Each structure stands twice: as structure tokens, then as C-alpha cells.
Amino acid sequence: MNPPAVSHSPVDRATNWLRRRLGRAVLVSYAAALLLPRPGLCLRRPHTLPLGGPAHLTLHTTSLLLSLVLLSAGLQVPVRALGRVLRRPKAMLAGIALHLAIPLLVVPFVAFLLRGTPGSDGGSGLLTAMILIVAMPVAAGATVWTAKGEGDQQTMVGLVLASTLLSPLTTPLLLAALAPLLSGGYAQTLTSTSGSARSGFTLATVVLPCAAGLLCALVLPSSWHGRLLRAVVPSALAGSLVLTYVNASGALGSFLARPRPLLFATALGVAALVCVLSFVLGRLAARVLRLDAPVASSLILACGMNNSSASAVLITTSLPDKPHLLLPVLAYGLLQKTAANRVVARLRPASPAVSWRVTLYRSAAGARRTCPPGSRLRSWRSPGPVLPRGRRNACCAGVRAGVAG
């Protein structure tokens with residue numbers, strides 16, 4: 001997504017400072033939830049706003065914060081740059097298909113592995129949390145990692161928007177398709193959650209804020225759009241940290257009240273397994289499709305990065321009596337960022353200096369192979385026999401030609 005316009009105001013300087021240290025700020029949010037969970041637990045509860053007489057309005061802090069984050073994401077979308085994606089839709093269509101197919105492949109495999117775990121539910125609680133994660137649209141934060149790795153930003157933005165706008169249809173379908181894998185009361189719980197998602201959660205909390213931001217980015221004059229960005233982006237950045245704190249307070253608060261180390265270790269292992277499988281399947285698909293490195297990076301990130309904040313909010317609003325389900329959600333949120341960092345590091349295009357050195361090394365190696373037996377070019381690291389001047393000049397000319405090519 002496009003960053004806001006460069007400004008020298010204190011607010012913009014503070015926003016840029018926090019954006020550069022966002023990973024540390026997230027860790028601070030987790031630490032605050034661990035040491036001081038009570039304010040987060042208070043914000044996690046629904047609040048009633050009287051409207052006069054018997055009428056009242058129920059507000060969920062987590063839903064409002066998620067809507068603010070997605071409104072900011074929609075405002076920063078380069079709408080006019082999406083035409084290139086529509087003209088070459090192969091990567092985006094593949095990404096959407098994989099985003100829907102990977103849950104149907106990964107979750108049954110994880111359910112099979114969890115059947116033998118100790119406990120009365122056979123791992124259904126953890127599996128419920130993972131289903132709620134993988135059924136969510138692509139995380140808007142994936143665009144940040146795409147920009148960091150110099151990936152195809154237009155393709156990633158298209159994948160985020162398409163999965164978000166389709167989520168009122170795809171999320172309930174995935175939840176209903178995977179509910180039979182659960183046992184006990186969790187199947188009924190997931191079915192009711194699917195009804196909640198169908199009845200308006202994804203539409204009101206995910207789609208409408210993102211669509212409102214897109215509409216503002218499309219119709220507002222550039223000066224008004226810049227002012228709105230300067231007001232919304234810092235608020236959304238702070239709101240994302242508060243949302244992380246509230247969700248972590250719900251999970252870690254219940255864990256501290258009733259410590260269950262085995263549950264914590266199992267949640268971490270299940271989240272790591274689902275995260276790794278999602279990224280690996282995305283990597284295999286990118287190789288099969290023979291995508292360029294920037295497009296492949298965007299596709300892999302779209303396969304592995306789900307909107308864990310949306311799943312945490314859905315658990316908080318629909319399943320307030322099961323805060324332990326937030327443990328694998330929080331673990332997945334951290335693990336997918338770690339995996340995304342490795343993906344962009346491996347697929348980031350090499351700098352010109354590095355590319356020049358690699359080309360020189362390969363050309364020199366080719367020149368050595370063409371030299372007469374028993375002689376080689378002198379290395380700048382180790383001494384060796386030197387060719388006669390005529391042959392040495394011919395080999396050096398071959399190296400220079402290889403570098404130029």
C-alpha cells in the first residue's frame with residue numbers, strides 16, 4: 001500500500017518512528033497484556049450505550065478497532081494501479097484459489113494428527129481456533145511485508161481486496177465445510193459462529209470499512225485524501241497495537257488464571273504446523289506456475305498470512321466464554337510474521353552491487369574452464385601460476401565480455 005504523503009509534522013514523524021519499530025511495539029503490547037491484563041479484559045467486554053428509553057446500542061471495542069485498521073488499509077490502496085492486475089489476473093486468481101483450497105487440505109491433516117492427543121475433545125478446541133484463522137481473508141499487513149521484500153505490490157493489494165470483499169461468502173462456506181471435523185460441542189459452536197459470520201460480522205467489520213476507505217481514495221481530491229490519511233493512519237496504527245493488547249489480555253489473562261502448560265505448548269505446535277504448511281504449499285504453487293520472484297513472493301505471503309485480528313475479534317464477540325481459543329490465534333499471528341520475514345529475505349531481488357559480483361564470479365569461473373590444462377588465472381585471494389601474457393589477455397577479455405553480457 002502507498003505510504004502517506006511525506007510531512008514534517010510531529011504526528012507524521014511519530015507515525016514513521018512507530019512504523020519502523022512496529023515489531024518491537026507488538027512485543028511491548030504482548031508484555032503489557034502479560035503484566036497488566038485487567039484494562040484489556042475490561043475493553044474486551046461489550047459496552048452498552050443508552051439511546052434514550054429502552055433503546056440501547058451495544059459496542060464491541062475490538063470490532064471498532066478492527067474496522068479502524070481496515071478503513072486505514074482501504075485508504076492507502078493505490079486504486080488506479082490495480083488495472084495492471086486485472087489485465088494479468090493469473091497470479092491473483094491462483095492466490096484466491098489457493099487461499100480457499102489450503103484450509104481444506106491443511107485442517108483435515110491437522111485434525112488427523114490431533115485425534116490421538118490427550119483430552120476429552122480430541123483437540124477440537126485448538127482445531128476450532130485454527131479453522132477460524134484460515135477461514136479469514138488475507139491479512140492487510142501482508143502488503144507491508146510485500147513492500148519490504150520488493151514484491152509485486154499490485155498483486156498483493158488485489159489479493160487482499162478480493163479475499164476481503166469475498167469474505168462474507170467464503171468465510172461461512174469454509175466454516176460450514178470444516179465443522180464436521182470437530183467433536184463434542186465445538187461443531188455446534190463453529191456452526192453458530194458461521195451463522196454470525198454470515199449474518200453480518202464480515203460484512204460490517206471487515207468489508208464495509210475497507211470499501212469505505214477505497215471509495216474515499218477513489219473519489220476524494222488529493223488534498224482531502226492527504227488530510228484524511230494524516231488523521232486516520234496514525235490512529236489506525238495505535239489502534240492496531242491496542243487491538244493486539246486486548247486480544248492478548250483475553251488469552252494470557254485466562255492462561256494466568258488457570259495455567260495449563262501442555263495446552264500452551266500444543267497451541268504453539270499446532271499454530272506452527274498450520275503456518276508452515278500454508279507457506280510451503282504457497283511456495284510449491286509459485287514454482288509450479290513459474291512466477292517471477294516478486295509475484296511469487298506476493299502469492300506465498302497471501303497463502304500464509306491470514307487476518308488473525310479478525311479471527312480474534314470473532315472469537316471475542318461470538319465465543320466470549322472460550323478465551324483459551326485465543327492462544328493459537330496469538331501464536332499464529334507471531335509465527336506468520338516470522339515466516340513472512342524469511343520469505344521476503346529469500347525472494348528479495350539482489351542489489352546491483354551483489355548482482356555485479358555474482359556475474360563477475362561466474363564469468364571468471366567460465367574463463368578458468370576455458371583456459372589450457374595445467375594453468376589458471378591468478379586469484380586475488382591465493383597465488384598461482386600465471387598464464388603467458390597473450391593467453392592471459394584473451395581470458396581476461398572473455399571475463400569482461402561475460403560481465404558486459
Side-chain angles (χ1 to χ4, degrees), residues 98-139 167 170-198 201-202 247-248 250-252 254-255 258 260-282 303-336 339:
L98 287 169
H99 188 73
L100 297 177
I102 285 177
L104 301 177
L105 297 174
V106 172
V107 174
F109 175 70
V110 176
F112 173 76
L113 296 179
L114 288 176
R115 289 299 180 188
T117 57
S120 57
D121 63 354
S124 290
L126 294 177
L127 200 61
T128 300
M130 299 315 303
I131 291 173
L132 291 174
I133 292 173
V134 297
M136 288 297 139
V138 180
S167 59
T170 58
T171 297
L173 287 177
L174 286 174
L175 295 181
L178 297 172
L181 297 173
L182 305 176
S183 59
Y186 284 101
Q188 180 62 32
T189 297
L190 193 64
T191 302
S192 62
T193 306
S194 173
S196 173
R198 185 183 294 109
F201 170 80
T202 53
N247 291 331
L252 299 178
S254 64
F255 178 75
R258 295 180 55 193
R260 300 164 68 181
L262 182 59
L263 174 64
F264 181 80
T266 308
L268 185 61
V270 170
L273 178 62
V274 174
C275 183
V276 168
L277 289 177
S278 300
F279 276 97
V280 167
L281 290 175
C303 291
M305 300 196 71
N306 297 88
N307 198 328
S308 57
S309 296
S311 58
V313 171
L314 183 58
I315 291 174
T316 300
T317 56
S318 302
L319 308 169
D321 58 331
K322 300 183 185 299
H324 63 279
L325 296 183
L326 289 172
L327 275 176
V329 175
L330 297 179
Y332 191 91
L334 284 176
L335 290 169
Q336 71 178 0

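This one's a predicted model, so the numbers in the text were calculated from it and none came from an experiment.
Between Thr266 and Leu262 the shortest heavy-atom distance is OG1-O, 2.7 Å. Pro180 and Ala176 make their closest contact through CD-O, 3.5 Å (heavy atoms, listed as atom of the first residue, atom of the second, distance). Of all non-hydrogen atoms in Cys303 and Gly282, the two that sit nearest each other are SG-CA, 3.7 Å. Contact detail for Ala312 and Val329: the closest heavy-atom pair is CB-CG1, 3.9 Å.
Interatomic distance, Ile133 CD1 to Ser311 OG, rounded to the nearest 0.5 Å: 5.0 Å. Put simply, CG on Leu173 and CG on Leu178 are 10.5 Å apart, with the number rounded to the nearest 0.5 Å. Distance CE/Met130 to CG/Leu181: 13.5 Å, rounded to 0.5 Å. The CD1 atom of Ile102 sits 9.5 Å away from the CZ atom of Phe279 when rounded to the nearest 0.5 Å. To the nearest 0.5 Å, atom CG of residue Leu330 and atom CG of residue Asn247 are 6.5 Å apart. Here Ser278 contributes atom OG and Leu335 contributes atom CG; the two are 11.5 Å apart, rounded to the nearest 0.5 Å.
Side-chain contact between Leu314 and Met136: present, with at least one pair of heavy atoms (C-beta onward) separated by less than 4.5 Å. Leu174 has its side chain out of reach of Val134: every pair of non-hydrogen atoms, C-beta onward, lies at least 4.5 Å apart. Contact check for Pro103 versus Ile131: no side-chain heavy atoms found under the 4.5 Å cut-off. Between Leu327 and Leu268, every side-chain heavy-atom pair lies at or beyond the 4.5 Å cut-off. The shortest side-chain heavy-atom distance between Val270 and Pro328 does not fall under the 4.5 Å cut-off. At least one side-chain heavy atom of Thr128 sits under 4.5 Å from a side-chain heavy atom of Leu182. Residues Val110 and Leu114 meet the side-chain proximity criterion, which asks for heavy atoms closer than 4.5 Å. Side-chain contact check for Asn306 versus Tyr332: some heavy-atom pair is nearer than 4.5 Å.
The side-chain contact (heavy atoms from CB on, under 4.5 Å) with Phe109 is formed by just one residue from the set Val106, Leu113, Val107; it is Leu113.
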